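Below is one structure, written out as structure tokens; the observations come after it.
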Number of protein chains: 2
Amino acid sequence: MLKIAKSVEYALLALKYIHERQDLDCVSTKVISDSVVIPYELLAKIMQRLVKDEIIISQQGTKGGYKLAVPPDKINITRIINAVEQKVQVTDCLVETPTLNDCKRYQDCCLRNPLNQIQIKINKLFDELTLGEIIQYN
Amino acid sequence: MLKIAKSVEYALLALKYIHERQDLDCVSTKVISDSVVIPYELLAKIMQRLVKDEIIISQQGTKGGYKLAVPPDKINITRIINAVEQKVQVTDCLVETPTLNDCKRYQDCCLRNPLNQIQIKINKLFDELTLGEIIQYN
DNA sequence: TCATATACGACTTAAAAAGTCCGATATAAA
DNA sequence: TTTATATCGGACTTTTTAAGTCGTATATGA
């Protein structure tokens, strides 16, 4: 439990790789997937999500690829997570106005409140961590 | 991603229920599963794990059941989580001396270090939260 | 116009979580 | 001492989610 999705790890690794190759105009999915060892098709999908969220900029066609849209220390991990994953919750019933569908015992669920506190604190951890801090290792 | 296992939620709910029924000598799995609405067989397994970790005390046979082994504010959530779940890690490769089996890119994995920092902070959140604090709601 | 890219959706497979079943042992009470 | 009601413990099945794959369309530099 409490596991970070592979797609988030792959996104971080790919973003690091792109940053290291700033000298190049852009880096292709193929090159990244070969270098970092990430399944090509999967990485391709992740890259597209990062483009949508304007974390990277794409260049289509031959000699195409991606480059960072923002310097690494201006991007926090929350933004990357949200770009790549949809369900990022400690428990399912942490929605504004839960119904029986979201929380079987929503009328007197003693867990929702404290778990929400946990959720807020975990979110804060990722808010305060930037891509720049991650990629400084190694 | 980052989801808390149902078994942990069930454990917390069950422990709360037992605490509320301190007046009784002990509470059976049947009564808890009916009251809190948790699948009986699943809860039975969870209760056994809580016994093994000496969070609750069991009384076998007719009129048997469980009671808390310790007051709720003396049990932190980490202990409950560890009793009930085995794999509680942000990423798989957070082991002492990772091999290629644990981490495909362990030789120059730039993620292990920062993710471990995250792991430590999340662990701290659960260390500092007691069952007493959880069950005070509602 | 061709080779090499990204874009996007649908699909399949694999792994993990959740839930079930079964046979055993313990024990209070009839 | 028998019976009903519990816990105990492992194996198993089902469901859900995550991970990975495939196919087709579009863009673009050489």
Side-chain angles (χ1 to χ4, degrees), chain A residues 1-11 13-14 18 24-34 37-67 69 81 83-92 104, chain B residues 1-11 13-14 18 24-34 36-67 69 81 83-92 101 104:
Chain A
M1 59 172 250
L2 287 172
K3 198 157 289 165
I4 288 176
K6 279 273 177 295
S7 52
V8 171
E9 291 187 22
Y10 292 160
L13 290 167
I18 293 174
L24 304 176
D25 193 44
C26 61
V27 192
S28 73
T29 304
K30 182 82 178 62
V31 167
I32 303 171
S33 81
D34 283 349
V37 188
I38 299 172
Y40 173 81
E41 319 274 2
L42 185 47
L43 180 61
K45 209 160 53 176
I46 292 166
M47 299 309 280
Q48 284 161 38
R49 290 187 191 146
L50 294 173
V51 170
K52 263 194 183 165
D53 224 79
E54 295 176 313
I55 291 166
I56 55 178
I57 293 166
S58 74
Q59 166 67 47
Q60 289 197 329
T62 316
K63 298 269 172 185
Y66 304 94
K67 60 181 170 185
I81 289 174
V84 155
E85 281 286 311
Q86 54 278 65
K87 291 175 81 181
V88 203
Q89 274 185 316
V90 145
T91 189
D92 286 326
K104 269 200 297 180
Chain B
M1 60 172 250
L2 288 172
K3 199 156 287 165
I4 289 176
K6 279 273 177 294
S7 52
V8 172
E9 292 187 20
Y10 292 161
L13 290 166
I18 293 173
L24 304 175
D25 194 42
C26 61
V27 191
S28 73
T29 302
K30 182 85 177 63
V31 167
I32 303 171
S33 81
D34 283 349
V36 190
V37 188
I38 299 172
Y40 174 81
E41 318 275 3
L42 186 48
L43 179 59
K45 208 161 54 176
I46 291 166
M47 299 310 280
Q48 284 162 38
R49 291 189 191 144
L50 294 173
V51 170
K52 262 194 182 164
D53 225 78
E54 295 175 313
I55 292 167
I56 54 177
I57 293 167
S58 74
Q59 166 68 45
Q60 288 197 329
T62 316
K63 299 266 172 188
Y66 303 94
K67 60 181 169 185
I81 290 174
V84 154
E85 281 286 311
Q86 54 278 64
K87 291 175 80 181
V88 204
Q89 274 185 316
V90 146
T91 189
D92 286 326
N101 227 16
K104 269 200 298 180

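So you know, we letter chains A, B, ... as the sequences are listed, proteins then strands, and number each from 1. Bear in mind that the values here come from a model prediction, so they are computed numbers and not experimental data.
- Note that CE of B:Met1 is 11.0 Å distant from CD of A:Gln86, once rounded to the nearest 0.5 Å.
- In this structure, the nucleotide among C:dC8, D:dC8, C:dT20 sitting nearest to the side chain of B:Gln48 is D:dC8.
- Of the two residues near DNA chain C, A:Lys3 and A:Gly61, the one whose nearest nucleotide lies more 5' is A:Gly61.
- Tested against B:Val8 for a side-chain contact (heavy atoms from CB on, under 4.5 Å), the candidates B:Val88, B:Val84, B:Leu13, B:Ile46 yield a single pass: B:Val84.
- Atom NZ in A:Lys87 sits roughly 13 Å away from atom P in D:dA19 (whole-Å rounding).
- Straight-line distance from the NZ atom of B:Lys45 to the P atom of C:dC22: 15 Å, rounded to whole Å.
- We find that OH of A:Tyr66 is positioned 15 Å from P of D:dA27, with the value rounded to whole Å.
- D:dG10 atom P lies 16 Å from atom CD1 of B:Ile46, rounded to whole Å.
- The interatomic distance linking A:Asp25 (CG) with C:dT4 (C1') rounds to 16 Å, in whole Å.
- D:dG20 atom P lies 7 Å from atom NZ of A:Lys6, rounded to whole Å.
- Within the 4.0 angstrom heavy-atom criterion, no nucleotide atom of any strand lies near B:Met47.
- Among C:dT6, C:dA7, C:dC21, the nucleotide with an atom closest to any side-chain atom of A:Val51 is C:dA7.
- Here C:dT6 presents its C1' atom at 15 Å from CZ of A:Arg49, a figure rounded to the nearest Å.
- For the OP1/OP2 pair of C:dT6 and a distance below 4.0 Å, the side-chain nitrogens and oxygens of A:Thr29 include at least one atom meeting the criterion.
- Note on A:Tyr10: every side-chain N or O is 4.0 Å or more away from OP1 and OP2 of D:dA18.
- Nearer the 5' end of DNA chain D, as judged by each residue's closest nucleotide, is the contact made by A:Leu43, out of A:Leu43 and A:Gln60.
- Comparing A:Thr62 and A:Val27 against DNA chain C, the residue whose closest nucleotide sits nearer the 5' end is A:Thr62.
- C:dT4 atom C1' lies 10 Å from atom NZ of A:Lys63, rounded to whole Å.
- Side-chain atoms of A:Val51 and A:Ile57, non-hydrogen and from C-beta on, never get closer than 4.5 Å to each other.
- Proximity of A:Gln86 to the phosphate of D:dT17: no side-chain N or O atom is located under 4.0 Å from OP1 or OP2.
- Other residues, nucleotides and ligands contribute more than 12 heavy atoms inside 6.0 Å of the NZ atom of A:Lys3.
- Look at B:Arg49 and B:Asp53 and you find no salt bridge, because none of the NZ, NE, NH1 or NH2 atoms lies under 4.0 Å from a carboxylate O.
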